There are 2 protein chains.
Amino acid sequence: MLKGILDGCILSIIQEGEIYGYELAEKLQGYGFHSFSEGTIYPLLLRMQKENLVTTTLKKSTAGPKRKYYSLTTKGEEELEQFKLRWEEISLAVNNVMNKGGH
Amino acid sequence: MLKGILDGCILSIIQEGEIYGYELAEKLQGYGFHSFSEGTIYPLLLRMQKENLVTTTLKKSTAGPKRKYYSLTTKGEEELEQFKLRWEEISLAVNNVMNKGGH
DNA sequence: ACATATACCTTGTAATGCAAGATATACAGT
DNA sequence: ACTGTATATCTTGCATTACAAGGTATATGT
């Protein structure tokens with residue numbers, strides 16, 4: 001049902017502007033997602049690249065190996081729009097269920 | 001991240017009143033969940049029973065085999081409360097991400 | 001006797017999420 | 001030069017979840 005919810009969130013963050021994985025992981029925490037390790041995020045980014053939702057460019061880091069910056073493709077933007085619609089449907093449905101049972 | 005979201009929704013529906021699996025499946029559709037087959041719901045109900053979140057009583061049906069009615073246990077009610085909190089956190093976080101990118 | 005609707009369960013598979021660990025680069029302190 | 005620390009990416013292996021598909025069983029109407 002909610003498969004791809006993380007995908008959607010990541011697409012949305014990338015849409016704000018080019019970003020690399022490590023930074024993205026930190027940003028997710030800032031938005032209130034506590035539970036995402038890099039072991040979750042990196043495989044997901046690789047998958048999205050494979051599906052042509054994002055493109056990457058390597059850039060030097062000030063301290064560490066090269067950063068892999070991600071940007072949305074047109075297909076990625078479309079996917080994001082679809083995700084937004086899906087999220088509205090789902091969150092509405094869950095809120096429906098929740099608010100019936102009690103105050 | 002959203003593992004157990006269906007669990008929470010089902011707990012919430014059961015809290016409204018005793019209900020059996022087949023009816024629950026139909027009710028979920030009514031709330032706007034399109035994609036849940038019985039192959040998803042029944043195993044989940046059995047698991048929740050095993051975890052002592054729900055209890056069951058069998059009752060005659062007007063047309064078909066006996067219905068298995070589910071009710072919440074105290075533990076199930078606690079689980080539901082926790083889920084509600086978790087859902088608020090998560091939906092807030094996702095909405096944060098979504099609305100930044102510009103609607 | 002047969003079809004249909006109801007009702008529950010099992011099997012097998014794919015996707016997802018995560019911990020843990022492997023690899024690699026750069027800089028700062030000693 | 002050596003060591004530790006922070007940065008940065010990727011891989012492996014496992015557990016959970018979601019789902020389609022199929023299987024079993026009961027009651028009613030014709």
Side-chain angles (χ1 to χ4, degrees), chain A residues 1-11 14 18-29 32-51 53-70 79 83 86-87 89-90 93-94, chain B residues 1-11 14 18-29 32-51 53-70 79 83 86-87 89-90 93-94:
Chain A
M1 155 163 127
L2 279 156
K3 85 177 158 189
I5 189 173
L6 221 198
D7 299 42
C9 292
I10 287 179
L11 287 174
I14 294 174
E18 223 182 25
I19 193 171
Y20 59 101
Y22 194 83
E23 193 185 359
L24 199 148
E26 286 174 336
K27 206 156 194 170
L28 279 172
Q29 306 264 325
F33 298 104
H34 309 300
S35 60
F36 291 120
S37 67
E38 299 164 13
T40 302
I41 290 165
Y42 284 115
L44 205 155
L45 286 170
L46 293 174
R47 201 193 74 213
M48 296 203 301
Q49 186 179 10
K50 213 161 144 192
E51 290 170 355
L53 301 177
V54 294
T55 52
T56 63
T57 51
L58 291 174
K59 293 185 185 178
K60 267 196 219 162
S61 166
T62 54
K66 286 184 180 173
R67 293 169 179 164
K68 199 170 176 183
Y69 281 85
Y70 289 85
E79 190 77 9
F83 174 74
R86 222 159 60 80
W87 169 250
E89 279 179 25
I90 289 169
V94 175
Chain B
M1 156 164 126
L2 279 155
K3 84 177 161 190
I5 191 172
L6 222 198
D7 298 43
C9 292
I10 288 179
L11 287 175
I14 294 174
E18 223 182 24
I19 194 171
Y20 59 101
Y22 194 84
E23 191 186 0
L24 198 148
E26 286 176 336
K27 206 156 195 172
L28 278 172
Q29 307 264 325
F33 299 103
H34 309 300
S35 60
F36 292 119
S37 66
E38 298 167 14
T40 303
I41 290 163
Y42 285 117
L44 205 155
L45 287 170
L46 292 174
R47 200 193 74 214
M48 295 202 302
Q49 187 178 12
K50 213 160 142 193
E51 291 170 354
L53 302 177
V54 294
T55 53
T56 64
T57 51
L58 292 173
K59 294 186 185 176
K60 265 195 220 166
S61 165
T62 54
K66 285 184 180 174
R67 293 169 179 166
K68 199 169 173 182
Y69 281 85
Y70 289 86
E79 191 78 8
F83 174 74
R86 220 158 61 81
W87 169 250
E89 278 180 24
I90 289 169
V94 175

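So that the names make sense, note that chain A is the first sequence line, chain B the second, and so on, each numbered from 1. In this text, all values refer to a predicted model and were calculated from it rather than measured experimentally.
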**Q.** Separation of atom OH in A:Y20 from atom P in D:dT7, rounded to whole Å
**A.** 9 Å
(Q) OP1 or OP2 of D:dT16 versus the side-chain N and O atoms of B:R47: is any pair under 4.0 Å? (A) no
Q) Listed by chain and number, what are the salt bridge (Lys or Arg N to Asp or Glu O under 4.0 Å) partners of B:E51, not counting sequence neighbours? A) B:R47
(Q) Show the nearest heavy-atom pair for residues A:Y70 and A:V54, with the distance to one decimal. (A) CD2-CG2, 3.7 Å
Q. Between atom CD1 in A:I5 and atom P in C:dT16, what is the gap in whole Å?
A. 12 Å
Q: Please name all residues satisfying ring pair (Phe, Tyr, Trp, His ring centres under 6.0 Å) with A:Y69, sequence neighbours left out, ordered by chain then number.
A: A:Y20
Q) According to a strict under-4.0 Å criterion, is A:Y22 in side-chain N/O contact with OP1 or OP2 of D:dT7? A) yes
Q. Of all residues at least two apart in sequence or in a different chain, which pass the side chain to side chain contact (heavy atoms under 4.5 Å, CB included) check with A:K27?
A. A:I13, A:E16, A:I19, A:Y31
Q.
Strictly below 4.0 Å: does A:S61 bring a side-chain N or O up to OP1 or OP2 of D:dT7?
A. no
Q: Give the rounded distance in Å between these two atoms: CD1 of A:I19 and C1' of D:dA8.
A: 13 Å
What's touching nucleotides 11-13 of chain D from the protein side, N or O pairs under 3.5 Å?
none

Q: Round to the nearest Å and state the distance from A:F83 atom CZ to C:dT16 atom C1'.
A: 14 Å
Q. Does B:E18 have any salt bridge (Lys or Arg N to Asp or Glu O under 4.0 Å) partners at least two apart in sequence or in another chain, and if so, which?
A. B:K59
Q: Please list, chain by chain and in numerical order, all residues satisfying side-chain hydrogen bond (donor to acceptor under 3.5 Å, both in side chains) with A:T56, sequence neighbours excluded.
A: A:Q49
Q) Once you round it to whole Å, what is the distance between C1' of C:dA15 and CG of A:L44? A) 11 Å
Q. What is the distance, rounded to the nearest whole Å, between atom CD1 of B:I41 and atom P of D:dT17?
A. 15 Å
Q. In residues 62-70 of chain A, which ones come under 4.0 Å of DNA chain C, going by heavy atoms?
A. A:T62, A:G64, A:P65
Q. Who pairs with A:Y22 by side-chain hydrogen bond (donor to acceptor under 3.5 Å, both in side chains), at least two apart in sequence or on another chain?
A. none
**Q.** side chain to side chain contact (heavy atoms under 4.5 Å, CB included) between A:T62 and A:R67, intermediate numbers included
**A.** CA-CA 10 Å; A:T62 54; A:R67 293 169 179 164; 3.9 Å; yes
Q) Quick one: A:L58 CG to D:dT9 P, roughly how many Å, whole number? A) 9 Å
Q. Separation of A:I90 atom CD1 from D:dA18 atom C1', in whole Å?
A. 13 Å
Q: Output all residues satisfying salt bridge (Lys or Arg N to Asp or Glu O under 4.0 Å) with B:E23, sequence neighbours left out; order by chain, then residue number.
A: none
Q: Could you tell me whether the phosphate oxygens of C:dA19, OP1 or OP2, come under 4.0 Å of any side-chain nitrogen or oxygen in A:S37?
A: yes
